2 protein chains.
Amino acid sequence: LIALDNVQKDYALGKTVIHAIRGVTLEVKEGDFLSIVGPSGCGKTTLLNMIGCIDQPTDGRVMFEGKDLKRLSDNAQAEIRLTKIGFIFQSFNLIPVLNIFENIELPLVVARVPRAKRRERVAYLVRTVGLEEFSDHKPDELSGGQRQRVAIARALVNSPDLVIADEPTANLDSATGDAVLSVMERLNREEKVTFIFSTHNPEVMRFAHRIVTLRDGAIASIENTERA
Amino acid sequence: LIALDNVQKDYALGKTVIHAIRGVTLEVKEGDFLSIVGPSGCGKTTLLNMIGCIDQPTDGRVMFEGKDLKRLSDNAQAEIRLTKIGFIFQSFNLIPVLNIFENIELPLVVARVPRAKRRERVAYLVRTVGLEEFSDHKPDELSGGQRQRVAIARALVNSPDLVIADEPTANLDSATGDAVLSVMERLNREEKVTFIFSTHNPEVMRFAHRIVTLRDGAIASIENTERA
Ligand SMILES: Nc1ncnc2c1ncn2[C@@H]1O[C@H](COP(=O)(O)OP(=O)(O)OP(=O)(O)O)[C@@H](O)[C@H]1O
Ligand SMILES: Nc1ncnc2c1ncn2[C@@H]1O[C@H](COP(=O)(O)OP(=O)(O)OP(=O)(O)O)[C@@H](O)[C@H]1O
Ligand SMILES: [Mg+2]
Ligand SMILES: [Mg+2]
(Lines give C-alpha, C1' and ligand atoms only; values in the text may rest on other atoms or scores of the structure.)
(Ligands and ions follow the chains in the order given, each with its own letter.)
Protein backbone atom coordinates (compact mmCIF):
# COMPACT_ATOMS: atom_id res chain seq x y z
CA LEU A 1 0.00 0.00 0.00
CA ILE A 2 2.76 2.43 1.03
CA ALA A 3 6.43 2.29 0.05
CA LEU A 4 9.04 4.80 1.19
CA ASP A 5 12.24 4.80 -0.88
CA ASN A 6 15.19 6.59 0.79
CA VAL A 7 12.95 9.50 1.81
CA GLN A 8 14.67 12.68 3.04
CA LYS A 9 13.19 15.88 4.50
CA ASP A 10 15.16 19.05 5.05
CA TYR A 11 13.95 22.29 6.60
CA ALA A 12 15.77 25.53 5.88
CA LEU A 13 16.06 27.82 8.88
CA GLY A 14 17.85 31.00 8.00
CA LYS A 15 21.27 29.76 6.83
CA THR A 16 21.07 26.37 8.60
CA VAL A 17 19.57 23.21 7.16
CA ILE A 18 17.75 20.85 9.53
CA HIS A 19 17.84 17.24 8.28
CA ALA A 20 14.57 16.16 9.91
CA ILE A 21 14.36 12.86 7.98
CA ARG A 22 17.66 11.40 6.74
CA GLY A 23 16.85 8.51 4.47
CA VAL A 24 13.94 6.28 5.47
CA THR A 25 13.09 3.18 3.46
CA LEU A 26 9.97 1.30 4.60
CA GLU A 27 7.15 -0.81 3.22
CA VAL A 28 3.64 -0.92 4.66
CA LYS A 29 1.25 -3.60 3.41
CA GLU A 30 -2.53 -3.44 3.44
CA GLY A 31 -3.88 -4.47 6.83
CA ASP A 32 -0.66 -3.55 8.63
CA PHE A 33 -0.82 -1.90 12.09
CA LEU A 34 2.38 0.04 12.47
CA SER A 35 3.59 2.05 15.45
CA ILE A 36 6.34 4.67 15.03
CA VAL A 37 8.13 5.53 18.25
CA GLY A 38 11.08 7.66 19.26
CA PRO A 39 12.14 10.68 21.31
CA SER A 40 10.51 14.08 21.01
CA GLY A 41 11.91 15.77 17.90
CA CYS A 42 13.13 12.60 16.16
CA GLY A 43 10.94 13.09 13.06
CA LYS A 44 7.67 11.17 13.62
CA THR A 45 5.33 14.01 12.59
CA THR A 46 7.53 14.88 9.61
CA LEU A 47 7.45 11.27 8.43
CA LEU A 48 3.70 10.85 8.90
CA ASN A 49 3.03 14.08 6.99
CA MET A 50 4.90 12.72 3.98
CA ILE A 51 3.16 9.33 4.10
CA GLY A 52 -0.20 11.14 4.30
CA CYS A 53 0.55 13.34 1.28
CA ILE A 54 0.40 16.48 3.45
CA ASP A 55 4.04 17.30 2.85
CA GLN A 56 6.56 16.40 0.12
CA PRO A 57 9.98 14.80 0.65
CA THR A 58 13.09 16.83 -0.24
CA ASP A 59 14.51 13.66 -1.80
CA GLY A 60 13.44 10.03 -2.27
CA ARG A 61 9.94 8.82 -3.09
CA VAL A 62 6.68 8.10 -1.28
CA MET A 63 4.65 5.54 -3.22
CA PHE A 64 0.92 5.14 -2.55
CA GLU A 65 -0.67 2.10 -4.23
CA GLY A 66 2.34 2.00 -6.57
CA LYS A 67 2.15 5.69 -7.60
CA ASP A 68 4.81 8.27 -6.74
CA LEU A 69 2.82 10.92 -4.80
CA LYS A 70 5.12 13.74 -5.95
CA ARG A 71 4.30 13.05 -9.61
CA LEU A 72 0.51 13.17 -9.20
CA SER A 73 -1.51 16.27 -10.06
CA ASP A 74 -2.82 18.44 -7.22
CA ASN A 75 -6.31 17.10 -7.90
CA ALA A 76 -5.17 13.48 -7.76
CA GLN A 77 -3.35 14.15 -4.47
CA ALA A 78 -6.42 15.88 -3.01
CA GLU A 79 -8.57 12.92 -4.08
CA ILE A 80 -6.29 10.52 -2.20
CA ARG A 81 -6.27 12.70 0.92
CA LEU A 82 -10.06 12.95 0.85
CA THR A 83 -11.12 9.40 0.04
CA LYS A 84 -8.22 7.07 0.84
CA ILE A 85 -6.47 8.52 3.90
CA GLY A 86 -7.78 9.62 7.28
CA PHE A 87 -5.35 11.85 9.21
CA ILE A 88 -5.43 12.51 12.95
CA PHE A 89 -3.17 15.52 13.60
CA GLN A 90 -1.02 15.98 16.70
CA SER A 91 -2.74 19.34 17.24
CA PHE A 92 -6.16 18.24 15.92
CA ASN A 93 -6.72 21.07 13.38
CA LEU A 94 -10.45 21.38 14.04
CA ILE A 95 -12.48 24.18 12.46
CA PRO A 96 -13.28 26.69 15.25
CA VAL A 97 -16.55 28.02 13.80
CA LEU A 98 -18.12 24.58 13.29
CA ASN A 99 -19.51 22.43 16.09
CA ILE A 100 -18.46 18.80 16.67
CA PHE A 101 -21.10 17.36 14.36
CA GLU A 102 -20.18 19.72 11.51
CA ASN A 103 -16.45 19.16 12.01
CA ILE A 104 -16.82 15.39 11.70
CA GLU A 105 -19.28 15.75 8.81
CA LEU A 106 -17.03 17.99 6.72
CA PRO A 107 -15.14 15.30 4.72
CA LEU A 108 -18.51 13.74 3.79
CA VAL A 109 -19.82 17.12 2.62
CA VAL A 110 -16.71 17.57 0.46
CA ALA A 111 -17.17 14.02 -0.88
CA ARG A 112 -20.81 14.91 -1.75
CA VAL A 113 -22.36 12.19 0.36
CA PRO A 114 -26.16 12.77 0.58
CA ARG A 115 -27.39 14.44 3.74
CA ALA A 116 -29.31 11.54 5.27
CA LYS A 117 -26.35 9.20 4.88
CA ARG A 118 -24.02 11.84 6.38
CA ARG A 119 -26.18 12.29 9.47
CA GLU A 120 -26.31 8.56 10.07
CA ARG A 121 -22.55 8.09 9.63
CA VAL A 122 -21.60 11.07 11.81
CA ALA A 123 -24.07 10.08 14.54
CA TYR A 124 -22.51 6.61 14.59
CA LEU A 125 -18.99 7.99 14.97
CA VAL A 126 -20.00 10.54 17.61
CA ARG A 127 -21.42 7.63 19.65
CA THR A 128 -18.31 5.54 19.02
CA VAL A 129 -15.99 8.15 20.54
CA GLY A 130 -18.40 8.86 23.41
CA LEU A 131 -19.32 12.46 22.58
CA GLU A 132 -23.11 12.25 22.13
CA GLU A 133 -23.91 14.96 24.68
CA PHE A 134 -21.42 17.33 23.09
CA SER A 135 -22.59 17.42 19.45
CA ASP A 136 -23.39 21.12 19.50
CA HIS A 137 -20.19 22.24 21.29
CA LYS A 138 -17.58 24.11 19.28
CA PRO A 139 -13.91 23.09 19.68
CA ASP A 140 -13.18 25.82 22.25
CA GLU A 141 -16.08 24.52 24.34
CA LEU A 142 -14.46 21.12 24.70
CA SER A 143 -11.71 19.57 26.80
CA GLY A 144 -8.37 18.63 25.19
CA GLY A 145 -9.24 14.95 25.09
CA GLN A 146 -12.68 15.67 23.64
CA ARG A 147 -11.07 17.64 20.79
CA GLN A 148 -8.73 14.74 20.19
CA ARG A 149 -11.72 12.41 19.89
CA VAL A 150 -13.40 14.73 17.37
CA ALA A 151 -10.22 14.59 15.28
CA ILE A 152 -10.30 10.78 15.51
CA ALA A 153 -13.95 10.57 14.46
CA ARG A 154 -13.35 12.94 11.53
CA ALA A 155 -10.43 10.81 10.29
CA LEU A 156 -12.62 7.69 10.24
CA VAL A 157 -15.78 9.20 8.77
CA ASN A 158 -14.90 8.61 5.10
CA SER A 159 -14.04 4.92 5.77
CA PRO A 160 -10.46 5.41 4.56
CA ASP A 161 -8.14 2.55 3.52
CA LEU A 162 -5.28 4.08 5.52
CA VAL A 163 -5.48 5.90 8.86
CA ILE A 164 -2.48 7.98 9.93
CA ALA A 165 -2.58 8.99 13.59
CA ASP A 166 -0.06 11.37 15.18
CA GLU A 167 -0.07 10.61 18.92
CA PRO A 168 -3.85 9.97 18.92
CA THR A 169 -4.16 9.22 22.65
CA ALA A 170 -1.78 11.85 24.06
CA ASN A 171 -4.65 13.72 25.73
CA LEU A 172 -6.76 10.72 26.71
CA ASP A 173 -6.99 8.83 29.98
CA SER A 174 -6.23 5.12 29.67
CA ALA A 175 -9.87 3.96 29.67
CA THR A 176 -10.90 6.37 26.90
CA GLY A 177 -7.68 5.63 24.98
CA ASP A 178 -8.30 1.89 25.18
CA ALA A 179 -11.85 2.34 23.90
CA VAL A 180 -10.57 4.28 20.89
CA LEU A 181 -7.81 1.75 20.20
CA SER A 182 -10.27 -1.19 20.31
CA VAL A 183 -12.35 0.50 17.64
CA MET A 184 -9.26 0.87 15.47
CA GLU A 185 -8.12 -2.68 16.20
CA ARG A 186 -11.53 -3.97 15.11
CA LEU A 187 -11.49 -1.90 11.89
CA ASN A 188 -8.02 -3.30 11.21
CA ARG A 189 -8.98 -6.91 11.92
CA GLU A 190 -12.45 -6.94 10.28
CA GLU A 191 -12.07 -4.46 7.41
CA LYS A 192 -8.30 -4.57 6.80
CA VAL A 193 -7.95 -0.82 7.39
CA THR A 194 -4.23 -0.02 7.55
CA PHE A 195 -3.04 1.98 10.59
CA ILE A 196 0.18 3.95 11.00
CA PHE A 197 0.54 5.56 14.44
CA SER A 198 3.10 7.62 16.20
CA THR A 199 2.95 7.33 19.95
CA HIS A 200 4.89 7.69 23.19
CA ASN A 201 2.51 5.35 25.03
CA PRO A 202 3.48 1.69 25.61
CA GLU A 203 -0.23 0.81 25.91
CA VAL A 204 -0.79 1.96 22.34
CA MET A 205 2.30 0.17 21.11
CA ARG A 206 0.97 -3.21 22.15
CA PHE A 207 -1.85 -2.93 19.59
CA ALA A 208 0.75 -2.74 16.80
CA HIS A 209 1.92 -5.58 14.54
CA ARG A 210 5.24 -3.84 14.00
CA ILE A 211 7.12 -1.16 15.92
CA VAL A 212 9.42 1.18 13.98
CA THR A 213 11.86 3.05 16.21
CA LEU A 214 13.05 6.37 14.82
CA ARG A 215 16.07 8.30 16.09
CA ASP A 216 17.39 11.59 14.67
CA GLY A 217 15.42 11.19 11.46
CA ALA A 218 16.48 7.63 10.64
CA ILE A 219 15.13 4.17 11.42
CA ALA A 220 16.96 2.63 14.38
CA SER A 221 15.03 -0.66 14.38
CA ILE A 222 11.91 -2.45 13.18
CA GLU A 223 10.38 -5.03 15.51
CA ASN A 224 7.73 -7.59 14.61
CA THR A 225 5.29 -7.76 17.50
CA GLU A 226 2.29 -9.47 15.99
CA ARG A 227 0.98 -12.26 18.16
CA ALA A 228 0.46 -15.30 15.90
CA LEU B 1 -1.03 28.55 49.81
CA ILE B 2 -4.21 27.63 47.91
CA ALA B 3 -7.66 26.96 49.37
CA LEU B 4 -10.72 26.05 47.32
CA ASP B 5 -14.02 26.50 49.13
CA ASN B 6 -16.97 24.72 47.47
CA VAL B 7 -15.90 25.96 44.03
CA GLN B 8 -18.39 25.62 41.16
CA LYS B 9 -18.00 26.33 37.45
CA ASP B 10 -20.89 26.42 35.00
CA TYR B 11 -20.72 26.97 31.26
CA ALA B 12 -23.77 28.20 29.39
CA LEU B 13 -24.25 26.56 26.00
CA GLY B 14 -27.30 27.90 24.26
CA LYS B 15 -30.11 27.01 26.67
CA THR B 16 -28.20 24.23 28.49
CA VAL B 17 -25.96 24.68 31.49
CA ILE B 18 -22.88 22.47 31.75
CA HIS B 19 -21.81 21.97 35.39
CA ALA B 20 -18.12 21.47 34.68
CA ILE B 21 -17.07 21.76 38.35
CA ARG B 22 -19.69 20.86 40.93
CA GLY B 23 -18.39 21.85 44.32
CA VAL B 24 -14.69 21.24 44.96
CA THR B 25 -13.15 21.93 48.37
CA LEU B 26 -9.40 21.44 48.61
CA GLU B 27 -6.36 22.79 50.43
CA VAL B 28 -2.87 22.94 48.95
CA LYS B 29 0.04 23.77 51.27
CA GLU B 30 3.35 25.31 50.26
CA GLY B 31 5.73 22.62 49.01
CA ASP B 32 2.92 20.26 48.05
CA PHE B 33 3.19 18.19 44.85
CA LEU B 34 -0.35 17.42 43.78
CA SER B 35 -1.53 15.34 40.85
CA ILE B 36 -5.11 15.70 39.53
CA VAL B 37 -6.32 12.70 37.54
CA GLY B 38 -9.57 11.63 35.94
CA PRO B 39 -11.21 10.79 32.63
CA SER B 40 -11.16 13.10 29.62
CA GLY B 41 -13.78 15.80 30.19
CA CYS B 42 -14.03 15.42 33.98
CA GLY B 43 -12.95 19.02 34.70
CA LYS B 44 -9.17 19.06 35.24
CA THR B 45 -8.43 21.99 32.92
CA THR B 46 -11.42 23.93 34.26
CA LEU B 47 -10.20 23.43 37.84
CA LEU B 48 -6.58 24.34 37.08
CA ASN B 49 -7.67 27.52 35.28
CA MET B 50 -9.51 28.68 38.41
CA ILE B 51 -6.60 27.86 40.74
CA GLY B 52 -4.26 29.75 38.39
CA CYS B 53 -6.47 32.86 38.34
CA ILE B 54 -7.09 32.45 34.60
CA ASP B 55 -10.81 31.86 35.07
CA GLN B 56 -13.30 32.74 37.81
CA PRO B 57 -15.61 30.29 39.62
CA THR B 58 -19.37 30.64 39.13
CA ASP B 59 -19.75 30.04 42.87
CA GLY B 60 -17.48 29.35 45.85
CA ARG B 61 -14.05 30.90 46.47
CA VAL B 62 -10.46 30.37 45.36
CA MET B 63 -8.09 31.71 48.03
CA PHE B 64 -4.46 32.44 47.15
CA GLU B 65 -2.22 33.18 50.16
CA GLY B 66 -5.39 33.89 52.15
CA LYS B 67 -6.91 36.34 49.63
CA ASP B 68 -10.10 35.66 47.66
CA LEU B 69 -8.92 35.95 44.02
CA LYS B 70 -12.34 37.16 42.85
CA ARG B 71 -12.17 40.21 45.13
CA LEU B 72 -8.75 41.41 43.97
CA SER B 73 -8.36 44.19 41.42
CA ASP B 74 -7.39 43.28 37.86
CA ASN B 75 -3.90 44.64 38.51
CA ALA B 76 -3.48 42.58 41.66
CA GLN B 77 -4.61 39.45 39.79
CA ALA B 78 -2.22 40.19 36.93
CA GLU B 79 0.61 40.66 39.42
CA ILE B 80 -0.07 37.23 40.93
CA ARG B 81 -0.23 35.56 37.51
CA LEU B 82 3.02 37.21 36.48
CA THR B 83 5.19 36.81 39.58
CA LYS B 84 3.71 34.04 41.72
CA ILE B 85 2.27 31.46 39.33
CA GLY B 86 3.78 29.64 36.34
CA PHE B 87 1.16 28.05 34.07
CA ILE B 88 1.82 25.28 31.53
CA PHE B 89 -1.21 25.12 29.24
CA GLN B 90 -2.60 21.91 27.70
CA SER B 91 -2.27 23.54 24.28
CA PHE B 92 0.91 25.50 25.10
CA ASN B 93 -0.28 28.98 23.98
CA LEU B 94 3.07 30.04 22.53
CA ILE B 95 3.42 33.30 20.60
CA PRO B 96 3.78 32.37 16.90
CA VAL B 97 5.85 35.38 15.83
CA LEU B 98 8.48 34.99 18.57
CA ASN B 99 11.20 32.35 18.55
CA ILE B 100 11.82 29.96 21.46
CA PHE B 101 14.21 32.30 23.27
CA GLU B 102 11.83 35.26 23.02
CA ASN B 103 8.83 33.15 24.06
CA ILE B 104 10.56 31.99 27.23
CA GLU B 105 11.95 35.47 27.90
CA LEU B 106 8.58 37.23 27.66
CA PRO B 107 7.51 37.01 31.35
CA LEU B 108 10.91 38.46 32.35
CA VAL B 109 10.48 41.33 29.89
CA VAL B 110 7.05 42.08 31.36
CA ALA B 111 8.55 41.89 34.88
CA ARG B 112 11.23 44.39 33.77
CA VAL B 113 14.18 42.14 34.56
CA PRO B 114 17.38 43.68 33.10
CA ARG B 115 18.53 42.28 29.79
CA ALA B 116 21.74 40.55 30.95
CA LYS B 117 19.92 38.72 33.74
CA ARG B 118 17.16 37.71 31.31
CA ARG B 119 19.62 36.21 28.83
CA GLU B 120 21.34 34.21 31.55
CA ARG B 121 18.07 32.89 33.02
CA VAL B 122 16.54 31.97 29.65
CA ALA B 123 19.76 30.28 28.46
CA TYR B 124 19.74 28.19 31.64
CA LEU B 125 16.15 27.07 31.10
CA VAL B 126 16.65 26.35 27.39
CA ARG B 127 19.52 24.01 28.38
CA THR B 128 17.43 22.46 31.14
CA VAL B 129 14.68 21.38 28.72
CA GLY B 130 17.20 20.28 26.10
CA LEU B 131 16.42 22.81 23.36
CA GLU B 132 19.78 24.59 22.92
CA GLU B 133 20.02 23.93 19.17
CA PHE B 134 16.49 25.24 18.62
CA SER B 135 16.67 28.73 20.18
CA ASP B 136 15.94 30.54 16.95
CA HIS B 137 13.08 28.30 15.82
CA LYS B 138 9.55 29.67 15.93
CA PRO B 139 6.77 27.48 17.40
CA ASP B 140 5.64 26.22 13.98
CA GLU B 141 9.21 25.11 13.29
CA LEU B 142 9.18 22.76 16.24
CA SER B 143 7.83 19.32 17.06
CA GLY B 144 4.84 18.95 19.41
CA GLY B 145 7.03 17.85 22.30
CA GLN B 146 9.49 20.69 21.67
CA ARG B 147 6.63 23.20 21.92
CA GLN B 148 5.54 21.57 25.15
CA ARG B 149 9.06 22.01 26.54
CA VAL B 150 9.08 25.70 25.57
CA ALA B 151 5.81 26.12 27.50
CA ILE B 152 7.43 24.38 30.49
CA ALA B 153 10.53 26.58 30.40
CA ARG B 154 8.40 29.73 30.12
CA ALA B 155 6.35 28.72 33.16
CA LEU B 156 9.51 28.33 35.26
CA VAL B 157 11.40 31.40 34.07
CA ASN B 158 9.99 33.81 36.69
CA SER B 159 10.84 31.40 39.56
CA PRO B 160 7.18 31.18 40.61
CA ASP B 161 6.01 29.93 44.03
CA LEU B 162 3.32 27.81 42.38
CA VAL B 163 3.55 25.90 39.09
CA ILE B 164 0.29 24.71 37.51
CA ALA B 165 0.83 22.16 34.74
CA ASP B 166 -2.00 20.88 32.52
CA GLU B 167 -0.85 17.50 31.16
CA PRO B 168 2.78 18.70 30.84
CA THR B 169 4.19 15.45 29.44
CA ALA B 170 1.37 14.45 27.07
CA ASN B 171 3.56 14.99 24.00
CA LEU B 172 6.85 13.77 25.47
CA ASP B 173 8.54 10.38 25.24
CA SER B 174 9.24 8.80 28.63
CA ALA B 175 12.95 9.74 28.74
CA THR B 176 12.27 13.43 28.00
CA GLY B 177 9.27 13.42 30.33
CA ASP B 178 11.33 11.94 33.17
CA ALA B 179 14.04 14.58 32.66
CA VAL B 180 11.45 17.36 32.93
CA LEU B 181 9.82 15.79 36.00
CA SER B 182 13.19 15.43 37.78
CA VAL B 183 13.79 19.15 37.32
CA MET B 184 10.39 19.87 38.87
CA GLU B 185 10.94 17.35 41.66
CA ARG B 186 14.24 19.03 42.53
CA LEU B 187 12.65 22.52 42.52
CA ASN B 188 9.96 21.13 44.81
CA ARG B 189 12.39 19.42 47.18
CA GLU B 190 15.12 22.12 47.29
CA GLU B 191 13.16 25.35 46.83
CA LYS B 192 9.72 24.33 48.12
CA VAL B 193 8.05 25.28 44.83
CA THR B 194 4.46 24.02 44.92
CA PHE B 195 3.30 21.90 41.96
CA ILE B 196 -0.25 21.11 40.83
CA PHE B 197 -0.43 18.83 37.80
CA SER B 198 -3.11 17.24 35.77
CA THR B 199 -2.02 14.09 34.01
CA HIS B 200 -3.15 10.83 32.46
CA ASN B 201 0.30 9.30 32.86
CA PRO B 202 1.00 6.91 35.77
CA GLU B 203 4.73 7.74 35.48
CA VAL B 204 3.96 11.37 36.29
CA MET B 205 1.63 10.40 39.11
CA ARG B 206 4.39 8.67 41.04
CA PHE B 207 6.20 12.00 41.51
CA ALA B 208 3.18 13.34 43.42
CA HIS B 209 2.75 13.56 47.20
CA ARG B 210 -1.03 13.44 46.82
CA ILE B 211 -3.32 12.23 44.03
CA VAL B 212 -6.73 13.90 43.64
CA THR B 213 -9.14 11.89 41.50
CA LEU B 214 -11.81 13.96 39.77
CA ARG B 215 -14.97 12.53 38.21
CA ASP B 216 -17.76 14.55 36.55
CA GLY B 217 -16.57 17.79 38.12
CA ALA B 218 -16.31 16.56 41.72
CA ILE B 219 -13.58 15.01 43.84
CA ALA B 220 -13.93 11.24 43.96
CA SER B 221 -10.92 10.61 46.23
CA ILE B 222 -7.71 12.08 47.61
CA GLU B 223 -4.79 9.69 48.16
CA ASN B 224 -1.65 10.40 50.13
CA THR B 225 1.26 8.91 48.19
CA GLU B 226 4.26 10.63 49.71
CA ARG B 227 7.01 8.21 50.57
CA ALA B 228 8.12 9.01 54.13
N1 LIG C 1 -16.50 26.89 27.02
C2 LIG C 1 -17.16 25.76 27.35
N3 LIG C 1 -18.50 25.68 27.12
C4 LIG C 1 -19.18 24.55 27.43
N5 LIG C 1 -18.64 23.46 27.97
C6 LIG C 1 -17.32 23.48 28.22
C7 LIG C 1 -16.49 24.61 27.91
N8 LIG C 1 -15.21 24.33 28.23
C9 LIG C 1 -15.22 23.07 28.74
N10 LIG C 1 -16.47 22.55 28.72
C11 LIG C 1 -16.89 21.23 29.20
O12 LIG C 1 -16.50 21.13 30.57
C13 LIG C 1 -16.08 19.79 30.86
C14 LIG C 1 -14.72 19.83 31.54
O15 LIG C 1 -13.74 20.26 30.64
P16 LIG C 1 -12.19 20.23 30.99
O17 LIG C 1 -11.48 20.88 29.85
O18 LIG C 1 -11.96 20.83 32.34
O19 LIG C 1 -11.89 18.66 31.06
P20 LIG C 1 -10.50 17.90 31.31
O21 LIG C 1 -10.65 17.08 32.52
O22 LIG C 1 -9.37 18.88 31.26
O23 LIG C 1 -10.41 16.91 30.07
P24 LIG C 1 -9.14 16.37 29.18
O25 LIG C 1 -8.48 15.31 30.00
O26 LIG C 1 -9.84 15.82 27.98
O27 LIG C 1 -8.26 17.54 28.90
C28 LIG C 1 -16.05 19.03 29.53
O29 LIG C 1 -17.12 18.12 29.48
C30 LIG C 1 -16.18 20.11 28.47
O31 LIG C 1 -16.94 19.69 27.36
N1 LIG D 1 9.27 24.05 9.85
C2 LIG D 1 10.39 23.59 10.47
N3 LIG D 1 11.56 24.26 10.35
C4 LIG D 1 12.67 23.80 10.95
N5 LIG D 1 12.74 22.69 11.67
C6 LIG D 1 11.60 21.98 11.85
C7 LIG D 1 10.37 22.39 11.26
N8 LIG D 1 9.41 21.49 11.61
C9 LIG D 1 10.01 20.57 12.38
N10 LIG D 1 11.33 20.86 12.52
C11 LIG D 1 12.32 20.07 13.27
O12 LIG D 1 12.35 18.76 12.71
C13 LIG D 1 12.56 17.80 13.76
C14 LIG D 1 11.48 16.72 13.69
O15 LIG D 1 10.24 17.26 14.00
P16 LIG D 1 8.94 16.35 14.20
O17 LIG D 1 7.80 17.26 14.43
O18 LIG D 1 8.82 15.39 13.05
O19 LIG D 1 9.31 15.51 15.53
P20 LIG D 1 8.42 14.45 16.33
O21 LIG D 1 9.16 13.17 16.33
O22 LIG D 1 7.01 14.45 15.81
O23 LIG D 1 8.45 15.02 17.81
P24 LIG D 1 7.34 15.03 19.01
O25 LIG D 1 7.36 13.66 19.59
O26 LIG D 1 7.89 16.07 19.93
O27 LIG D 1 6.02 15.42 18.39
C28 LIG D 1 12.51 18.55 15.09
O29 LIG D 1 13.83 18.63 15.61
C30 LIG D 1 11.97 19.93 14.73
O31 LIG D 1 12.56 20.96 15.50
MG1 LIG E 1 5.22 15.09 16.57
MG1 LIG F 1 -7.84 19.23 29.93
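Proteins come first, then strands; the chains are lettered A, B, ... in the order of their sequence lines, and each starts at number 1. Since we're looking at a predicted model, the values are computed, not measured. Just so it is clear, the values below take in all heavy atoms, side chains as well, and ignore hydrogens, waters and symmetry mates.
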Engineer: Would you name the heavy atoms of A/D173 and B/G38 that are closest together and state the gap between them?
Structural biologist: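 In terms of heavy atoms, the two residues are closest at CB-O, 4.1 Å.
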
Engineer: Does atom CZ of A/R215 have more than 12 heavy-atom neighbours, drawn from other residues, nucleotides or ligands, at distances under 6.0 Å?
Structural biologist: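 Not buried by this count: 12 neighbours or fewer within 6.0 Å.
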
Engineer: Between A/I18, A/L172, A/L142, A/T45, who has the most heavy-atom pairs with chain B when the cutoff is under 4.5 Å?
Structural biologist: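 Greatest number of close heavy-atom pairs with chain B: A/L172.
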
Engineer: Please classify the contact between A/S143 and chain B as side chain, backbone, both or neither, with a heavy-atom cut-off of under 4.5 Å.
Structural biologist: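 The side chain, not the backbone.
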
Engineer: I'd like to know which of B/Q146, B/K44, B/H137, B/Q148 tops the heavy-atom pair count under 4.5 Å against chain A.
Structural biologist: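 If we count pairs closer than 4.5 Å to chain A, B/H137 comes out on top.
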
Engineer: At what distance, to the nearest 0.5 angstrom, does OG of B/S91 lie from CG of A/D140?
Structural biologist: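 Rounded to the nearest 0.5 Å, the OG-CG separation comes out at 11.0 Å.
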
Engineer: CD of B/E203 to NE2 of A/H200: how many Å apart, nearest 0.5 Å?
Structural biologist: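 Answer for the CD-NE2 pair, B/E203 versus A/H200, is 14.0 Å.
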
Engineer: Enter the distance from A/E167:CD to B/N171:CG here, rounded to the nearest 0.5 Å.
Structural biologist: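 Interatomic distance, A/E167 CD to B/N171 CG, rounded to 0.5 Å: 5.0 Å.
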
